Amino acid sequence: MKIIIVNDYEEMSKKAANIISSQIILNSSSVLGFATGDTPLGTYKKLVNTYNEGDIDFAEIKTFNLDEYYHLPKDNTQSYNFYMTENLFKQVNVKPQNIHIPNGMCESIEEECLNYENAIEQADGINLQLLGIGTNGHIGFNEPDVKFEATTHLVHLDEETIHANSRFFDSIEEVPTKAISMGIKTIMQAKKIVLLASGIEKSEAIYNTVRGHITPEVPASVLQLHPDVTIIVDNNAASRL
Ligand code: F6R
């Protein structure tokens, strides 16, 4: 694991956007894995700026998002589909047919998950996967007690995650309790992984990920086994390292 400690959120976002931009410059038909949540917002903003300056081109880029809430329509402002459209996709020249996000409104979970895995395989795998991390150590929506061998599947969100995500909804009752998420196996198959964390509330999860035992209780700890992981953390998230 390569750990980069930076001063603040701004610097974390800049470094992450630079790494993703380099990936796009080196391979203009890269397959990128994206995350949602608060953490990557600054990264997406900087990627849009770099695109507007003419330094990167998304015309041949393929994207796969980590997860989507189950049974939340795409046009719901809290869906991850809506988030990605607003914060990145509609601001760059990525082709709609190259965008992949699990369909939370699918009729058959099994079919949707299988199709998602097949689409990643047909794209020749993910070149660079961007990750955030939950305060409980989750990556994607792989909650503690995860099965490391799982591929894309339906997950039941932890109370801690539902509580954390309620900040985006009018009330906690509105937060979906299930999601479709890439599994740990899917994430671990990405060729390169970049995990971002900022804020003191992530410090314990970062400590357990980097210094703790590899255990399903801390899903991100499995990243210790991946050959190419870069963790970019601000001083607060790194404070227990
Ligand atoms: C989002 C995702 C989650 C988040 C994590 C941190 O697609 O997969 O694992 O990365 O919950 O969320 P924030 O960044 O909002 O603290």
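Worth saying up front: this structure is predicted, and the values here are computed from it rather than measured. Values reported hereafter were calculated over all heavy atoms of this structure, with side chains retained and with hydrogens, waters and symmetry mates removed. Whatever order the structure lists ligands and atoms in, that order sets their numbers, starting from 1.
Donor-acceptor pairing under 3.5 Å is recorded for the side chains of N93 and D57. Checking H138 against T161 by side-chain atom types alone, a donor-acceptor pair falls below 3.5 Å. No hydrogens or angles considered: nothing links the side chains of T135 and E204 as a donor-acceptor pair under 3.5 Å. A side-chain N or O of S29 and one of N27 form a donor-acceptor pair less than 3.5 Å apart.
Within the 4.0 Å heavy-atom criterion, the part of I133 lying near ligand 1 is the backbone and not the side chain. Only the side chain of R167 comes within contact range of ligand 1, with a heavy atom under 4.0 Å; no backbone atom does. At a heavy-atom distance under 4.0 Å, only side-chain atoms of D67, from C-beta outward, approach ligand 1.
Taking any N or O of K202, backbone or side chain, at least one lies under 3.5 Å from an N or O belonging to ligand 1. Close N/O approach between G140 and ligand 1 is found [any backbone or side-chain N/O within under 3.5 Å].
Here F58 and F89 keep their ring centres 6.0 angstrom or further from each other. In summary, the aromatic rings of Y80 and Y69 are positioned with their centroids under 6.0 Å apart.
Ligand-side atoms of ligand 1 in range of T39: 13 (P), 14 (O), 16 (O), range being under 4.0 angstrom from any heavy atom. Contact atoms of ligand 1 toward L66: 8 (O) (distance under 4.0 Å to a heavy atom of the residue).
The nearest heavy-atom contact from the protein to atom 1 (C) of ligand 1 is T36 OG1, 3.2 Å. The protein non-hydrogen atom at the shortest distance from atom 10 (O) of ligand 1 is G132 CA, 3.3 Å. Among all non-hydrogen protein atoms, the one lying nearest atom 5 (C) of ligand 1 is H138 NE2, 3.4 Å.
Of the listed residues (I25, I20, I61), just one forms a side chain to side chain contact (heavy atoms under 4.5 Å, CB included) with S30, and that residue is I61.
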